[in-house]
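Scroll down for the structure; my scribbles are underneath it.
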Amino acid sequence: MEKQVVEVTINQAKLRIIQGDITKQDTDAIVNAANSSLMGSGGVDGAIHRTGGPAILEECKQIVARQGHLPTGKAVMTTGGNLKARHVIHTVGPIWYGGDKGEPELLASAYQESLKLAMGNQLFSISFPSISTGAYGYPVAKASRLAIGTVIASLRQSVTSVREVVFVLFDSQTFRAYSSALKEIIGTSNEKD
Ligand code: ADP
């Protein structure tokens, strides 16, 4: 059911956009669009906890006991439990309040902090969902351009272990938005540095 259409290379990393279910990905880490409590909820968060099992929530509880709620724009890493991915990186995207409450900076930070954790832990591959565009209401056209622009900028800036970044979009509308955004930003189907 997964169809891969767009792939570009930035430095030594491949950036891919697919339509599918992030809980089925076998990248080293998958990113969870969590909320600050890290207690799980609906959407992609619920799907990850359901598929990954109780070990993930257990670790989330320990993190919150240690450092309190996770602020918007930050990220932490836990086990992947029963998932194919060995790790889950939990990040909190912003709730959309119209766009002038720091939403773009906070969304960029959610992607940057997640990538930083992956790089800091020498991970090779990471999958992202479309953070904030579900229950949190961030308009997908804006979010997709910002997400892809931020990831490309991070990969260009850093010497990194990360060789594969996959955006895993659940529905066809979101998938199309990210595909268009990537084409818009790259301007061609394969970047040559
Ligand atoms: P947020 O609260 O950050 O908006 P949501 O989970 O409500 O997070 O939605 C974020 C995106 O994740 C939406 O596009 C939603 O369709 C998508 N999504 C839901 N389940 C999955 C899944 N299993 N794999 C990938 N994406 C998913």
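We count ligands from 1, going down the list as the structure has it; atoms in each ligand are counted the same way.
Checked by distance only, ligand 1 and Ala47 stay at 3.5 Å or farther apart across all their nitrogen or oxygen atoms. Looking at ligand 1, you won't find any N or O of Leu169 less than 3.5 Å from one of its N or O atoms. The shortest N or O to N or O distance between Tyr136 and ligand 1 is below 3.5 Å. In terms of polar-atom proximity, defined here as any N/O pair under 3.5 Å, Gly134 does make such a contact with ligand 1. At least one N or O atom of Ala135, backbone or side chain, sits closer than 3.5 Å to an N or O atom of ligand 1.
Annotation: atom 3 (O) of ligand 1 to nearest protein heavy atom, Ser132 N, 2.8 Å. Protein heavy atom in closest approach to atom 19 (C) of ligand 1: Val44 N, 3.6 Å. Among protein heavy atoms, the minimum distance from atom 14 (O) of ligand 1 is reached at Thr133 OG1, 3.6 Å. Nearest non-hydrogen protein atom to atom 15 (C) of ligand 1 is Phe170 CB, 4.5 Å. Given atom 25 (C) of ligand 1, the protein heavy atom at minimum distance is Ile22 N, 3.6 Å.
For atom 22 (C) of ligand 1, a protein non-hydrogen atom is found at a distance below 4.0 Å.
Side-chain polar atoms of Tyr111 and Ser154 form no donor-acceptor pair below 3.5 angstrom.
In Val168, the part holding a heavy atom less than 4.0 Å from any atom of ligand 1 is the backbone.
Proximity of Gly93 to ligand 1 is not established, as no heavy-atom distance is less than 4.0 Å.
For the side-chain hydrogen bond (donor to acceptor under 3.5 Å, both in side chains) test with Ser127, the passing option among Thr23, Asp28, Thr27, Asp26 is Thr27; the others fail.
For the pair Val166 and Ser125, the minimum side-chain heavy-atom distance is 4.5 Å or more. When side chains are defined from C-beta on, Leu115 counts as touching Phe128, because their heavy atoms get closer than 4.5 Å.
Closest heavy-atom approach to atom 10 (C) of ligand 1 among the candidates Ala33, Gly43, Ser130: Ser130.
Using modelled atom types, no side-chain atom of Glu164 and backbone atom of Phe124 make a donor-acceptor pair closer than 3.5 Å. In this structure a side-chain-to-backbone donor-acceptor pair under 3.5 Å is present from Asn11 to Arg156. In this structure, Glu59 contributes its side chain and Thr79 its backbone to a donor-acceptor pair below 3.5 Å.
In summary, the atoms of ligand 1 found under 4.0 Å from a heavy atom of Asp21, numbered by their order in the structure, are 22 (C), 23 (N), 24 (N).
For the atom pair CZ (Arg16) and OG1 (Thr9), the distance works out to 11.0 Å, reported to the nearest 0.5 Å. For the atom pair CG of Leu169 and OG of Ser144, the computed distance is 8.5 Å after rounding to the nearest 0.5 Å. The line from CD of Gln19 to CD of Gln173 is 11.0 Å long, rounded to the nearest 0.5 Å.
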